[in-house]
Every structure is written in structure tokens, then in C-alpha cells.
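To keep things clear, I will list the structure first and then write my remarks on it.
Side-chain atoms are counted along with the backbone in the values below, which use heavy atoms only and exclude waters and symmetry mates.
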Amino acid sequence: MSDSCANCGTPLGGEFCAQCGQARADIKRPVWSLVTDTIDGIVSWDGRLLSTYRQLFTRPGGVARNYMDGKRQSFTPPVRLYLIVSLLFFAAMTVSDIRIIAVDLTADGPTDAGVRVTMFQPPRQEAPPQIPPEVQADLLRQLEEAGGGGWREVARIAMNEPEVLEQRSSAAASQGFILMVVLFGLFCAILHPRRRMIEHAVHALYFHAAILLPFAAGLIASVLIPMPMVVALTVAAILLLAFVTGLLLFDRGFYGSSWIGAGLRTAALLPAYAFAAIVVGLGMIFLGTL
């Protein structure tokens, strides 16, 4: 173990640096150590928070790299930063009244009805229509004939208690987001097999801490602000481009990849991440039936 502080370089005379206060303990520990680093004052404010968050954008991947290299005293720990940003994200969704899971019913006639389940929709403007029992039975029969028998309970609750399904599914969103962080770290482990798992965990936490608030801002703008279809598609394209660029720059900044290597890994990571997001979204809907 080094006799100088990894954060500021001051010679160590004990278990903590006399100059900056960072512990001598090595960061190369099990992944669960990230949780123990966060327990002490998880929601307390410190001056590093805004600086850490700003550097996620000015030096993509650099914060996680420096944290892994031992300069931990200079940054807000990754689990704490992710949890704070996640709380702000869900607070923004609550204040803006955006439905994370949206269940909309259509009833164009006594025998013509349907159910649509989507994500991130504007507030409900009116009470959902009532679907007659005989029409519900017919829709459930059609669902089973199409091979969707596993969705029967979801469809039943959606047709009778759409707001309850929305609330239950949206309540599972925080677990879904954490699962996306875990899956992102596992994907990175596959693409960078020689790195330690804790490195991928730190990288995944800082990356998601960086993207959540811009994602929330883009959602609120596109969902609540009336805009022509061309403008809405442009906003969606900008968000997608920003996400892909973030994947590329964070890979280069953290793993030290070449432009070609980072580009190839981004091309592999993007569809895997998108597929995982779809599966996690479906899982959130299923959890709403429990």
C-alpha cells in the first residue's frame, strides 16, 4: 500500500491524510464497499456535490477514473450522487405530473374498445371511459388467442383500474432505474473483461447520475410544452444523439479507449441498453399487478 495520499500526494502518517482527510484504505475492494461509503451522511450536503456534477459534463468519464485512481476526497461518492440525482429526477416527474407508466383506454362504441400502455405521458385530462364487461371478456379472449395470455392480469387491471396500475407500476420505477445501472455495469464488464467489477459499477453510477437530469428536462419539455411534430422529433433526435455521445465520451474518459474502440463498444452497448430498457419497462408494468 502506498505511503502517500492518492488524492493529494501528502506523505501518510496514519490511516487518514493530514492534509485532505482521505482514508488510506484502497479503493480496490468489493463492489459492496460502494454502499458502505455512502451510509455516512447519504443525504447531507457537501461542497463537492456541484463540482462533481459539473465535472461529469466537462470531463466525461474523468470523475469516475479519478475516483478509481484514489482521488476520492475530491468527489461526491458515486452511490450518493446517483441517489441524490435520482431523487431530483422523480421529484421533477411528480411536480410536472408526468405519468411514468400511462394506461389509456379507448371506447369508440359499445363493442369497440382498447387498452394502450405507454411511458412518460402528460397528465390525464379526463376520467377513463368504462369498458363493458362483455367487451372486456372479448378483448381478453383476443389477447389469449394472440399468444398474450401472460398479459391477461395486466389487461384486466388496466381495463378496470387504470390509475391503480399506473401508480403501482410507477412506484416500481426507482427499482427499475437501479436495475438499469446494474445491467449497464454488466454490459461494460462484457465489453471490458479485464477490468474489475467495481470499476464498472463506479462508471455506471456516475454515467447515470449525468444523464438523469437532462433526460428529465427533455421529457418535461417534450411532454408538457405544445410543439409541432417536427420540433418534437428534433428534440427526441437531440436527446438520442446526446446519449450516444455520452456513451462514447464516458467510455474514452474512463477506460482510456481509442476513438475507434469507444465507437465500436458504443455501437454494441446502445442496442443492448435499449433492449434492457424495454424489458425493465415491461417488468415495471408486471409489478403493478402484484
Report summary line: Nearest heavy-atom contact between M159 and L105 is O-CD1, 3.8 Å
Report summary line: Of all heavy-atom pairs linking L191 and R265, the shortest is O-NE, 3.4 Å
Query raised in the report: With the 4.5 Å side-chain cut-off for hydrophobic clustering, are I220 and L240 part of the same group?
Result: yes
**Report entry** Distance-only side-chain donor-acceptor flag, N66 / Q55, under 3.5 Å
**Finding:** no
Report task. Say whether L282 and V280 are linked into one hydrophobic cluster, either directly or through other cluster members, by side-chain heavy-atom distances under 4.5 angstrom. Result -> yes
Requested in this report: Heavy atoms only: give me the nearest L212-S86 pair and the separation to one decimal.
Outcome: CD1-CA, 4.0 Å
Report task. Sort and list the pairs that fulfil side chain to side chain donor-acceptor pair (under 3.5 Å) and have at least one residue in residues 197-213, not counting sequence neighbours. Result -> R65-E199, R195-E199, H200-Y255, H208-Y273
Report task. Please indicate whether Q175 has more than 12 foreign heavy atoms, meaning atoms of other residues, nucleotides or ligands, lying under 6.0 Å from its CD. Result -> yes
Which donor-acceptor pairs under 3.5 Å do the side chains of residues 113-125 make with protein atoms, sequence neighbours left out?
| from | atom 1 | to | atom 2 | distance (Å) |
| --- | --- | --- | --- | --- |
| Q121 | NE2 | M119 | O | 3.2 |
| R124 | NH1 | V103 | O | 3.3 |
| R124 | NH2 | V103 | O | 3.2 |
| R124 | NH2 | E166 | OE1 | 3.2 |
| R124 | NH2 | E166 | OE2 | 2.5 |
| Q125 | NE2 | P123 | O | 3.3 |

Query raised in the report: Are the charged groups of E144 and R141 less than 4.0 angstrom apart, N to O?
Result: no
Requested in this report: Please say whether more than 12 non-hydrogen atoms of neighbouring residues, nucleotides or ligands are located less than 6.0 Å from CZ in F57.
Outcome: yes
**Report entry** Straight-line distance of L183 CG to F187 CZ, nearest 0.5 Å
**Finding:** 5.0 Å
Report task. Identify the two heavy atoms, one from I101 and one from S169, that lie closest to each other, and give their separation to 0.1 Å. Result -> CG1-CB, 3.6 Å
Requested in this report: Decide if the gap between the ring center of F207 and the ring center of F254 is smaller than 6.0 angstrom.
Outcome: no
